[in-house]
Enquirer: 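First the structure, which I've put down as structure tokens, then a few questions once you've had a look.
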Amino acid sequence: MAFDLSKSMEGSASNFGSLGVSRILVQIIQFLILTVVTRNLGAELFGKMNVILMVAQFLYCLTASWSALGYTRFSMLYSNQKKPMGEVFWCRSLLVFILLLLTGLALIIWRDWVMDYLKLQSPVIPAVFFFLLALLTTDYTTLVAQVTTRFKGLSIIQLIEKAMIFIFIWFFGKDLFGILWIYISITLACRIAYLLISPSYVFRPFALKHSLFIRLLRFSGPLLLTSFGGFIFGWVDIAVIKHFASLSDVGIYSLAYNGLSAIDSVVMIMSSILIPIFVSLAAQNREDLTEKFIVRIFPQVSYLWGLFFMVFGLISIWMIPLAFGKTFMVSVDIFLILLVSLNLSVMNALMTPVFVGYNMVLKMVIINFSGSIFNLLLDIILVPKMGIMGAALATTLSYSFIVLFYNRLIRSRFNSAFRMSWLFLAIVCVHMIAIMHFRAWFMCLGISLTAILVYYLAARGLRLFGPEDRSIYISLDMPNFIKRNLIRIGDYAFWSGQ
């Protein structure tokens with residue numbers, strides 16, 4: 001029987017919706033957790049905490065993250081071929097166990113160097129190792145949810161986990177290691193509970209096939225490059241800042257970057273939803289519709305996110321010092337610059353599904369890794385001269401680098417690109433810089449209102465939205481209720497009659 005993508009998406013749309021709502025609620029609770037943690041620890045200890053997390057994240061990149069996609073691919077392949085999925089689980093687990101064992105031995109052998117680097121005493125080694133285990137269990141629950149499509153259960157577990165962490169940290173999280181052990185113990189308990197109630201076919205039979213292990217290793221090996229690229233983008237700023245600046249600066253920058261990551265996790269849901277659409281368009285040879293999507297819909301989505309970022313940037317000027325204290329006031333400027341990079345991240349998230357759908361992943365990986373190296377080089381150059389502001393600029397310029405080459409890749413395949421988004425990005429960038437320099441509330445409000453008005457007039461002048469976009473939505477292979485709501489939004493939008 002032929003695979004019906006529309007029906008498949010209809011069945012999983014509620015799962016994606018649950019995950020999206022859960023992700024937003026989780027980020028709200030995470031915001032509350034951060035307010036308590038930063039006020040209890042201060043900038044310097046919060047910086048030390050993020051350095052510990054950076055080391056654990058590096059070890060996670062070495063041991064597990066690079067084989068995650070291989071597990072998903074082979075699990076789905078075995079499922080389609082009516083083969084036992086548990087074989088893939090245990091082969092991947094063996095690979096992770098071997099690397100985890102080597103990691104544990106390395107931490108014991110080089111414990112003095114690790115403690116000297118982190119500027120902390122002996123409790124830090126078990127904290128790093130068990131935090132790595134927490135990351136691994138989080139990784140496994142996400143992968144099991146993907147191969148079983150049990151996103152609702154994962155959403156509930158995530159909410160329970162974050163709520164419990166917040167409650168325990170509120171009452172008992174008074175010091176650095178107390179907070180770390182609360183996070184580790186609750187994460188392990190919740191994630192292991194999810195795995196225990198997962199369908200048994202994910203883990204059965206217990207079998208280790210040499211041929212499957214080799215295939216998994218061969219497929220996943222090249223992805224180690226992508227894994228390290230992601231680590232460089234997400235965590236290398238902290239390592240460079242720690243080397244050239246103080247731990248307080250690490251804490252201030254980490255707070256701003258946590259805000260960036262929180263919003264970015266919501267943005268990534270959009271990419272997950274778009275991937276099946278472009279896989280379907282590629283399978284149907286509908287490059288004409290793909291080009292319309294790139295030229296018309298991509299700039300619209302980017303425009304709306306940019307509007308949200310301008311409003312959120314204005315709010316953050318008062319929200320960050322109010323929530324986290326005056327110690328973190330410097331984080332405001334960093335966060336405003338990172339919001340510009342987040343606008344670029346939206347463009348990346350929009351183009352990634354096109355590359356996946358049209359088998360352009362290898363070129364995408366090369367661009368991403370090149371952008372990561374570019375980010376590292378910029379950090380080394382800018383952080384000694386500009387401090388944490390240099391790290392924020394390095395991140396933004398690196399995202400610009402990736403978007404530029406993504407656009408070139410899109411143009412080489414479809415002879416089109418969403419050029420209008422650059423004008424809107426420029427307006428967002430000018431807005432952020434302006435409210436950074438004029439902090440009086442009436443000036444910030446006046447600048448924001450002016451920027452939003454210019455933003456709106458630019459959209460009208462370029463005819464960004466129009467009734468002709470209806471035909472694009474009608475042609476898309478997606479659940480009918482999503483299609484109806486998208487068309488209804490367009491029909492009632494104030495610019496649709498232009």
Enquirer: Taking all atoms of both residues into account, what is the closest heavy-atom pair of M386 and L393, and its distance?
Expert: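 Closest heavy-atom pair between M386 and L393: CE-CD1, 3.2 Å.
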
Enquirer: Quick check with a 6.0 Å cut-off and a 45 degree axis cone: is R92 positioned over the face of Y140's six-membered ring?
Expert: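 Satisfied, under 6.0 Å and within 45°.
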
Enquirer: Would you give the length of the straight line joining atom CG of L336 to atom SG of C429, rounded to the nearest 0.5 angstrom?
Expert: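 Between L336 CG and C429 SG, I get 11.0 Å after rounding to 0.5 Å.
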
Enquirer: Should the heavy atoms of other residues, nucleotides or ligands under 6.0 Å from CZ of F130 be counted, would the total exceed 12?
Expert: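 At most 12 heavy atoms, drawn from other residues, nucleotides or ligands, come within 6.0 Å of this atom.
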
Enquirer: Using the ring centroid of each side chain, check whether W181 and F177 are separated by less than 6.0 Å.
Expert: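 No - the distance between ring centres of W181 and F177 does not fall below the 6.0 Å cut-off.
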
Enquirer: Atom CG in L34, atom CZ in F166: separation rounded to 0.5 Å?
Expert: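 Taking CG in L34 and CZ in F166, the distance rounds to 11.0 Å.
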
Enquirer: Do you know which two heavy atoms are closest between S331 and A256, and how far apart they sit?
Expert: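 Closest heavy-atom pair between S331 and A256: O-CB, 3.8 Å.
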
Enquirer: Give the intermediate values and the outcome of side-chain contact (heavy atoms from CB on, under 4.5 Å) for residues E87 and L208.
Expert: CA-CA 6 Å; E87 294 178 2; L208 297 171; over 6 Å; no

Enquirer: Please round to the nearest 0.5 Å and tell me the distance separating atom CG of L143 and atom OG of S67.
Expert: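 Here the interatomic distance stands at 8.0 Å.
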
Enquirer: Taking the side chain as C-beta and beyond, is there a heavy-atom pair between T148 and S198 under 4.5 Å?
Expert: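 No. Closest side-chain heavy atoms not under 4.5 Å.
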
Enquirer: Working note: Q30 + I33, criterion side-chain contact (heavy atoms from CB on, under 4.5 Å); need CA distance, chi angles, decisive distance, verdict.
Expert: CA-CA 5 Å; Q30 181 65 25; I33 292 171; 3.9 Å; yes

Enquirer: Quick check on W110: does its CH2 atom have over 12 non-hydrogen neighbours (other residues, nucleotides or ligands) under 6.0 Å away?
Expert: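 Counting neighbours around CH2 of W110, 12 or fewer heavy atoms of other residues, nucleotides or ligands fall under 6.0 Å, so no.
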
Enquirer: Just wondering, more than 12 heavy atoms not from F308 lying within 6.0 Å of its CZ?
Expert: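 Atom CZ in F308 is packed in, count exceeds 12.
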
Enquirer: So which atom in Y60 and which in D139 form the shortest heavy-atom distance, rounded to 0.1 Å?
Expert: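 Scanning both residues, the minimum pair turns out to be OH-OD2, 2.8 Å.
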
Enquirer: Could you measure the distance from the OG atom of S211 to the CG atom of L216? Nearest 0.5 Å is fine.
Expert: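 Nearest 0.5 Å value for the OG-CG distance: 11.0 Å.
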
Enquirer: List the atom of A56, the atom of L132, and the distance in Å for their closest heavy-atom pair.
Expert: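 Smallest interatomic distance, heavy atoms only, reads O-CD1, 3.9 Å.
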
Enquirer: Mind checking whether Y201 and F89 have side chains closer than 4.5 Å, heavy atoms only?
Expert: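 No; the side chains remain at least 4.5 Å from each other.
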
Enquirer: Show the numbers, then the answer: is there a side-chain contact (heavy atoms from CB on, under 4.5 Å) between M49 and I179?
Expert: CA-CA 9 Å; M49 176 179 170; I179 290 170; 4.1 Å; yes

Enquirer: Could you give the distance from NZ (K209) to CD1 (I214), rounded to the nearest 0.5 Å?
Expert: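 Between K209 NZ and I214 CD1, I get 14.5 Å after rounding to 0.5 Å.
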
Enquirer: For the residue pair F46 and F328, does the interplanar ring angle fall in the parallel (under 30°), tilted (30 to 60°) or perpendicular (over 60°) class?
Expert: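 The rings of F46 and F328 stand perpendicular, inter-plane angle above 60°.
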
Enquirer: With a 4.5 Å limit on heavy-atom distance, are the side chains of I410 and V354 in contact?
Expert: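 Side chain of I410 against side chain of V354, heavy atoms only: contact under 4.5 Å found.
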
Enquirer: Please name the pair of heavy atoms, one in L378 and one in S398, separated by the smallest distance, quoted to 0.1 Å.
Expert: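 Closest pair (atom of L378, atom of S398, distance): CD1-OG, 4.0 Å.
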
Enquirer: Would you check if there is a donor-acceptor pair between the side chains of Y399 and N348 at a distance under 3.5 Å?
Expert: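 Distance-only check fails for N348 and Y399.
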
Enquirer: With side-chain contact (heavy atoms from CB on, under 4.5 Å) as the test, would you mind laying out the steps for M347 and L425 before giving the verdict?
Expert: CA-CA 10 Å; M347 298 185 196; L425 177 65; 4.1 Å; yes

Enquirer: Just by modelled atom types, is the I184 backbone N or O under 3.5 Å from a matching donor or acceptor in the T187 side chain?
Expert: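 Not a single qualifying donor-acceptor pair exists.
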
Enquirer: Okay, side chain of S185, backbone of I182: is any donor-acceptor separation there less than 3.5 Å?
Expert: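 Between the backbone of I182 and the side chain of S185 there is a qualifying donor-acceptor contact (under 3.5 Å).
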
Enquirer: Check whether any side-chain heavy atom of I186 lies under 4.5 Å from a side-chain heavy atom of F168, and answer yes or no.
Expert: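 When only atoms from C-beta onward are counted, F168 and I186 do touch, with a gap below 4.5 Å.
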
Enquirer: How are the rings of F405 and F401 set to each other: parallel, tilted or perpendicular (split at 30° and 60°)?
Expert: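 F405 vs F401 ring planes: tilted.
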
Enquirer: For the CZ atom of R413 and the OG1 atom of T290, what is their distance to the nearest 0.5 Å?
Expert: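 The CZ atom of R413 sits 8.5 Å away from the OG1 atom of T290.
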
Enquirer: Assess whether atom NZ of K385 is packed by more than 12 heavy atoms of other residues, nucleotides or ligands within 6.0 Å.
Expert: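 No, NZ of K385 has 12 or fewer neighbouring heavy atoms, counting only those of other groups under 6.0 Å.
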
Enquirer: With heavy-atom distances below 4.5 Å as the criterion, would you say the side chains of R191 and L135 are in contact?
Expert: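 No, too far: nothing below the 4.5 Å cut-off.
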
Enquirer: Does CZ in R204 sit with more than 12 non-hydrogen atoms of other residues, nucleotides or ligands closer than 6.0 Å?
Expert: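 Check fails, neighbour count at 12 or below.
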
Enquirer: Establish, yes or no, whether a centroid distance under 6.0 Å links the rings of Y183 and F131.
Expert: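 Between F131 and Y183, which both carry aromatic rings, the centre distance is below 6.0 Å.
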
Enquirer: Please tell me whether D237 and T395 have a donor and an acceptor in their side chains that are separated by less than 3.5 angstrom.
Expert: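 Checked: D237/T395 side chains pair up, N/O donor to acceptor below 3.5 Å.
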
Enquirer: Decide yes or no for D175 and L45: does some side-chain heavy atom of the first lie under 4.5 Å from some side-chain heavy atom of the second?
Expert: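 A side-chain contact under 4.5 Å is absent here.
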
Enquirer: Answer with yes or no whether the side chains of Y406 and N368 bring together a donor and an acceptor at under 3.5 Å.
Expert: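 Y406 and N368 do have a side-chain donor-acceptor pair below 3.5 Å.
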
Enquirer: Measure across L100 and L136 and return the closest heavy-atom pair with its distance rounded to 0.1 Å.
Expert: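 Looking at all heavy atoms of both residues, the shortest contact is CD1-CD1, 3.7 Å.
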
Enquirer: Given side chains that start at C-beta, do those of Y71 and V96 come closer than 4.5 Å, heavy atoms only?
Expert: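 No; the side chains remain at least 4.5 Å from each other.
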
Enquirer: Check whether any side-chain heavy atom of I337 sits under 4.5 Å from a side-chain heavy atom of M432, and report yes or no.
Expert: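 They are not in contact (no side-chain heavy atoms under 4.5 Å apart), so the answer is no.
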
